[in-house]
Amino acid sequence: MPACITTPIYYVNDRPHIGHAYTTTVCDVWARAMRLRGEDVFFLTGTDEHGVKVEKSAAARGIPPKQLADENAAEFKRVLSVFGLTNDDFIRTTEPRHELQVQHFVKRLLESGDVYLGTFEGWYDEGQEEYYTDTRAKELDYKSPISGKPLVRATEENYYFRLSSFQERLQAFYEANPGFVQPAARQNEVLGRLRGGLQDVPMTRTNFTWGIPFPGDERHVIYVWIDALFNYVTALGVGDPDGSAAPGLHAERAKYWPAQYHVIGKEILWFHAVIWPALLMALGLPMPRRIHAHSFWIADGQKMSKSMGNFVDLATIEGYIGSYGLDAWRWYMATQGPLQASDADFRAQHFHDTYTSELVNVVGNCPSRVTAMIGKYFDGKMPEDAQQGGEWPARCASAVADWTRAIDELDLVAAANAPMSLLRDIDAFINRTEPFKVAKDPARREELASILSQCAEAVRIAGVLLSPFLPAKMGELDAALAQPGAAGTTFAARTAWGVLTPGAALAKCALFPRVER
Ligand code: MSP
């Protein structure tokens with residue numbers, strides 16, 4: 001079945017940093033894992049280019065907003081390619097394919113009465129470009145929950161989206177789809193707020209011009225959040241429910257909608273869990289399957305901030321990649337990150353210790369031990385196993401099953417743990433069976449061959465399951481195990497027992513060198 005995963009589209013008034021790298025890496029690991037399983041995957045990311053923040057940042061530099069957007073979108077694209085991220089498209093909200101389709105959707109919402117012209121007064125968070133209800137503003141002590149700056153009282157004549165009329169439908173939808181938002185703690189927050197009632201949301205702005213013109217009333221530009229949410233469908237060429245799509249759209253991609261996962265940070269959950277589903281309901285389009293809202297990276301125990309000097313920016317990330325390698329960076333992101341309900345602390349020592357204890361001591365060491373012994377005792381040729389795998393085919397099959405279940409749930413920690421625990425079991429098996437001692441007794445040659453052959457095959461399967469996390473290094477492992485064309489075969493074939501043929505030449509491999517700190 002076609003499967004789509006999306007990142008938020010990133011604001012172009014900022015340069016790429018760990019937050020962007022994190023969400024994109026999570027999606028990349030999932031997309032690679034699904035492709036490995038033979039699924040037809042579409043991985044979407046891009047940039048959010050309109051709105052007052054971008055207009056102001058550009059003005060501060062004395063350049064047109066489009067120029068700022070072009071520069072920073074190019075930087076985001078460059079980073080994606082340097083980091084080997086495998087997105088299938090990069091949508092920019094200033095592209096005609098997006099703008100035209102957004103105007104088309106908004107027109108339809110006007111026609112259906114879901115959008116109307118009205119006056120509004122409320123508590124506004126300037127940094128977030130978001131209004132809060134009176135109750136919510138009071139709860140927040142009239143301060144932005146993100147920046148801490150005071151909320152301001154603002155009045156506007158605007159077009160509104162009739163969000164209030166979707167409360168019951170949204171509640172019914174949540175009842176029918178209990179795992180829609182994950183983790184569960186985040187879904188409970190949404191449901192709590194939803195029960196508190198919904199207000200109509202402004203769809204347009206008149207106080208600046210850097211946005212998509214509102215169809216039929218060009219004094220207004222479309223509110224950046226509404227514009228941005230639509231990227232998920234405009235990039236996929238999703239048209240109207242009757243199947244029609246604007247010319248120039250990628251109609252052939254519509255099969256990827258609904259997305260399997262929208263992966264986002266927790267600070268933008270309300271837009272994705274309430275406003276976005278309501279917009280889709282109003283347009284008669286299918287709902288995404290799941291929204292995964294991860295938590296935040298903090299650094300050295302504190303919120304990251306540029307002024308504190310603990311901000312993990314692009315230069316810092318590139319420093320880690322330079323010292324430890326790109327795969328090590330991916331590993332830390334995917335296995336130590338804030339994917340569930342708690343924030344994760346980024347610390348240099350922790351990065352180093354994770355690298356050493358997991359990548360050097362397990363993922364590097366186990367294949368190195370096995371291939372070195374095969375080199376020494378069998379002249380580098382895969383030995384023959386008279387026991388046909390012994391306990392290992394079943395052990396590997398259970399690792400594959402655990403991994404598959406975890407990928408379905410976007411549980412990257414559990415997915416990484418399946419092959420890791422397999423490698424640890426192989427190490428324990430080596431320690432227990434002591435092939436280095438068995439090798440001293442020529443009468444136990446057959447036993448030695450079985451032990452090492454089983455280890456090599458199990459290592460190979462662990463490598464397949466690790467490959468979405470560590471693509472370059474697991475490519476090296478495949479090469480060492482004489483599996484150069486492995487990527488072209490099916491997942492079932494790659495994870496089946498008995499792929500390494502007796503007599504095949506295996507090379508010694510040293511995947512993760514120790515790094516001094
Ligand atoms: N443009 C909006 C999203 C529109 S989606 C239709 C936006 N952009 S953003 O550039 O601010 O990126 C926000 C995303 O960056 C968050 O949702 C999250 O994915 C990521 N992160 C930003 N800082 C982060 C951390 N410190 N830690 C982890 N991820 C965070 O919001």
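Computed over heavy atoms, backbone and side chain alike; hydrogens, waters and symmetry mates excluded. Every number for a ligand or one of its atoms is a count from 1 in the order of the listing.
The aromatic ring centres of Y142 and W123 sit less than 6.0 Å apart. Annotation: H98 is not in aromatic contact with F230 [ring centroid separation under 6.0 Å not met]. Checked against the 6.0 Å centroid criterion, the rings of H250 and W257 do not qualify as a close aromatic pair. Centroid-to-centroid, the aromatic rings of F173 and F180 come within less than 6.0 Å. Close placement of the F346 and Y332 rings is indicated, their centers lying within 6.0 Å of each other.
Distances between N or O atoms of E267 and those of ligand 1 include at least one value under 3.5 Å. Between W297 and ligand 1, at least one N/O pair is under 3.5 Å apart.
Residue M304 approaches ligand 1 through these ligand atoms, each under 4.0 Å from one of its heavy atoms: 26 (N). Close contacts between ligand 1 and T23 involve ligand atoms 18 (C), 19 (O), 20 (C) [criterion: under 4.0 Å to a heavy atom].
Using a non-hydrogen distance threshold of 4.0 Å, I9 registers as a contact of ligand 1. For the pair Y232 and ligand 1, a heavy-atom separation below 4.0 Å is found.
Aromatic ring orientation, H20 versus H17: tilted (interplanar angle from 30° to 60°).
For atom 24 (C) of ligand 1, the nearest non-hydrogen atom from the set G19, C27, G46, S295 belongs to G19.
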